[in-house]
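Labels below follow one simple rule: chain letters A, B, ... track the order of the sequence lines, proteins then strands, and each chain is numbered from 1.
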Amino acid sequence: MNMGPVRQVLVAVVVALLLAFSLPAAAQEKSRMDVVLERGKLIVVTLTTVPPFAFTDEKGQLVGFDIDIARLVATALFKDPNKVEFVSVTAEGRWPAIESGRADMGVGGTTTYPDRAIRVAFTRPFIDSGISVLVGKKSGIKSIKDLDQDKYTIANLNNPQMADRAKRFFPKTKVLTFDTPAAQFLAVKSGRANALQIDTPSAEYWAAHNTDEMEVLPGLLGASQNNGIFLRTGDFKWWLWLDTAVAEMRTGSWYPQYSEIYHKWFGKNPPPQKFYIQQ
Amino acid sequence: MSFTRWVAIYGPTYATALVWTAITALAAACGAIVWGCLLLLIRLSGGRWGARAVDGYVQLFRNTPVLLPIYLIYFAFPLIGLPWPAVVCGTLALILQNGAYVSEILRGSVNAIDRVQFDAARSIGLAPWSTFQKIVLPQVLVYSIPALGNQIVLLLKDTSLLSAISITELTMQAKLLTEQTGAAYEAFIVVAVLYLLLVSGTEVAFRVTHRAVRWL
Amino acid sequence: MPAGSLALLTQGAMVSLLLAAGAIAGGTLLAILLAAMAFSRLAAVRVVYRVYVYIVRGTPLLVLALILFYAMPALDLRTGPYIAGTLVLIIYTGALFAEVFRGGVLAIPRPQWESARSLGLPPLAMFRKIVVPLVTRYTLPSYVNVCVMTVKASSVLSIISVWELTLAAREIIERTFAVFTILGLAAAFYFVMCFGIDRLGRRLERHLALRGFAGVRA
Amino acid sequence: MIAIRGLQKSFGALRVLYGIDLDIADGEVVALIGRSGCGKTTLLRCINFLEEYEAGEICLDGEPLWYRRGADGGRRRVPEAEARRMRQQMGIVFQQYNLFPHMTVLDNVVLGPRFSQAVSAPEAEALGRRLLARVGLEGKMSAYPAQLSGGQQQRVAIARALAMRPKVLLFDEITSALDPELVGEVEDVIRSLLSDRIMMVLVTHAVGFAREIAHRIAYIADGAIAELGTPSEVLDRPKDPGLKEFLRRVRS
């Protein structure tokens, strides 16, 4: 057996490792905020396939709740909502885009989880988003408890949080994993799966657009979740400003703009600005 | 977290994914070769219509991305009463597309066979089917081994597309780990090295088979 | 069929074609350099070639794209997604074209080399008048093959935020879930582009064959 | 004038030439004959350096070819550019013609002068036309090799070699790949070259043709010159037993 390929493999591994170690160790001397202000434009990484948070309309424009939030941030920085450039990626492309410095911050239905926070920093949530279950009407499933039988199958997205939830709430249900929300939806539509789990706003969006076939089960899977802006870790100045901006949207001077965007995408008012002020 | 520590912790999780990739690749490879031979037979014995039909088939699959058949078989077949499991659908899609490439490779080798051999076979009264089976196919397959090797390597890499229909093979595993740990480089560099090993194994296998042919 | 899809897909197809054209042009130039390395007298240079081709052909483009794209800023290459996408494709197709050219040079029969050498032709004339014309004729079918692969391979770039035909289709699908019509339409676009390249190659082949070439096909 | 001294050549372990000494005067035609595998073709290819050789020296008009005494006294190959200049003084015609399939007949002939010897285009073309007329192919200037018969292609190959205005022409069994009826037209061309008084070395099986045009014939056996002399000495009064056996079988 000639040793050609084995020798090559060793060389290949060495080259690959060299590539790995040459990766970003850029020093943290200048805050990303100064870079953004100097550049005069905000670069935001986002998914493009998660309605109503971030998706493309008929004319191919990137629209959605998270997109408008990002434009609001740009307005604060440059007094112009168009001083923003969106970099679209698929799910797993979000983290390297931030780490490599290709984008200043990220949005797009990105839920905050402790293990994710090791690699990227999150601001406080700009929207609470629970996880709901969407079922086909013909499946006869009326509640989350009904779903917990081995004759049913659920379609998950390819992230570990969905897998954990499935184990916790319906351990007996069989699980399929897909890499895009549309594939999840299609699995239910084609009968490959009886239900799927997705952020509540998305579930409501789909149910609204497929009223005859789909419905959202009452109740959330676990507590409400936090979708926030994510950025590179260790950049206190940039994180502090973004976090303050989000705080101002939900409870401060930007509440009017925030609730306008919220109403536009979810058809109802956001939670009250202050717990002691009733609508 | 350093690269080696990440590999130490998460490396083993690639095991099942590696098995999935290897199984689907192996099954699809065998299927594609058999399907390629059948297409060749149809082209050779089916007269003008046979050749034209196979040409149409090959042009269709050569000029479209493999994602469409993968989606079609997995999501549409249940609606017509064929709810095959994901692995079967994915493998079948790879077979249909790569079978087209295999038949083209085999067709190239048929030209390499000296015309005189067909006359010789006919002169000893061999029926068309046994001529194909005994004379044409063995030589064509052996002449094509190097090209088939390259095609199977391409097929092996195409298995990464099966993550679209819930098969947790290597690339899907890298995506899962990237989501889970945010460590895209580490996840994908490990997957790159694993693919390199699978590809090297395939190339060595084809080289050894080629050399083992005594009459070449 | 959802509104506006045709317009979006056409735009996406244009972008895919542009990406592929850039990758084919860049890849061809890189391949000529790589093929030269493959035939260099220095063993070390040849090994570099073999390792490069081995790694690029050994890993899926998807994996290659992600590693290269996100490593680039670390090397401080301020490039937009489209330029970076084309660069990734060039690195990928460069290896494929290099192997095609290498095969083409090896296909030149030894006697042809000897008659060229016996005329005492200087290297540049040897390259321009003998190697290039013969290699183009020998490798045209496999060259066209790689061009078709490049067009289809460009769909992988959607992972590194490059908006092209496949991402355009997926975005429409995500919004409207009309999966088969959109995927079917996208496949039709790919078919038109790839089949067109294939026909172009065939016509070029006939044109070259007419000018008297009855050589062996690589 | 070509002087070959102590030429030794082996392919790996197999010794092919055991020390060849041969002088070819200006204008002289020498034919090399012998059983296949005796080393006659290898000798020809060493003269044109299409094969390297381990020992020995080849001089053309006094200039040592292909190798030079290195600084350390060792034997060192001449630089590539030097080797090319030397090769331009020699023309070789192969058994399988080896014309360039993608060039017209005229382009094949003009290629050498234009690109190796930097002859101007008009001048090279005029030379090409004259040579093609000389080999009787003036009507086929713009044809492609694939459209010509074997005999015609070989005549173009001769014209191509002549276009370099070489000091010596080397012919490697140029008629043995041709159908019998085409051999005559090629031999006529070689006969016409005699009047040019140009050195020629022919490796051939056509003993009759060798007798007719060669000044001297060398019978090669087992990598050495077994017998050397005028056609009548070698062919009519052979001394070497191997040569006698060879001639008997060739004539039968």
**Q** What I'd like to find out is whether the side chain of D/Phe115 reaches to under 4.5 Å of the side chain of C/Arg128, using heavy atoms alone.
**A** yes

**Q** Does D/Asp179 have any salt bridge (charged side-chain N to carboxylate O under 4.0 Å, His left out) partners at least two apart in sequence or in another chain, and if so, which?
**A** none

**Q** Is any side-chain heavy atom of D/Arg84 closer than 4.5 Å to one of C/Pro122?
**A** yes

**Q** Just verifying a value: how many Å separate D/Ile92 CD1 and C/Glu114 CD, rounded to the nearest 0.5 Å?
**A** 7.5 Å

**Q** Side chain of D/His102, backbone of C/Lys129: donor and acceptor closer than 3.5 Å?
**A** yes

**Q** Minimum heavy-atom separation for D/Asn98 to C/Ser115, with atom names?
**A** O-OG, 3.3 Å

**Q** I need the D/Phe100 CZ to C/Leu119 CG distance, nearest 0.5 Å.
**A** 5.5 Å

**Q** For D/Leu170, is it the side chain, the backbone, both or neither that has a heavy atom under 4.5 Å from a heavy atom of chain C?
**A** neither

**Q** Counting only heavy atoms closer than 4.5 Å, note whether D/Phe94 contacts chain C via side chain, backbone, both or neither.
**A** side chain

**Q** Can you tell me which portion of D/Met86 sits under 4.5 Å from chain C's heavy atoms? Options are side chain, backbone, both or neither.
**A** neither

**Q** Need one label for D/Arg114: side chain, backbone, both or neither, based on atoms under 4.5 Å from any heavy atom in chain C.
**A** neither

**Q** Can you list the residues of residues 6-15 of chain C that sit under 4.5 Å from chain D, counting heavy atoms only?
**A** none

**Q** Under 4.5 Å, counting heavy-atom pairs only, tell me which of D/Gln96, D/Arg160, D/Gln89 racks up the most with chain C.
**A** D/Arg160

**Q** With sequence neighbours excluded, what pairs up with C/Tyr190 under the ring-ring contact (aromatic ring centres under 6.0 Å, His included) test?
**A** none

**Q** Who pairs with D/Val183 by side chain to side chain contact (heavy atoms under 4.5 Å, CB included), at least two apart in sequence or on another chain?
**A** D/Thr175, D/Leu178, D/Glu187

**Q** How far does CG of C/Leu121 sit from CZ of D/Arg87, to the nearest 0.5 angstrom?
**A** 10.5 Å

**Q** At their closest point, which heavy atom of C/Gly120 faces which heavy atom of D/Ser116, and how far apart are they?
**A** O-OG, 3.2 Å

**Q** Please flag which part of C/Leu124 lies under 4.5 Å from any non-hydrogen atom of chain D: side chain, backbone, both or neither.
**A** neither

**Q** Can you see which heavy atom on C/Gln112 is nearest to which on D/Pro101, and at what distance?
**A** NE2-CD, 3.4 Å

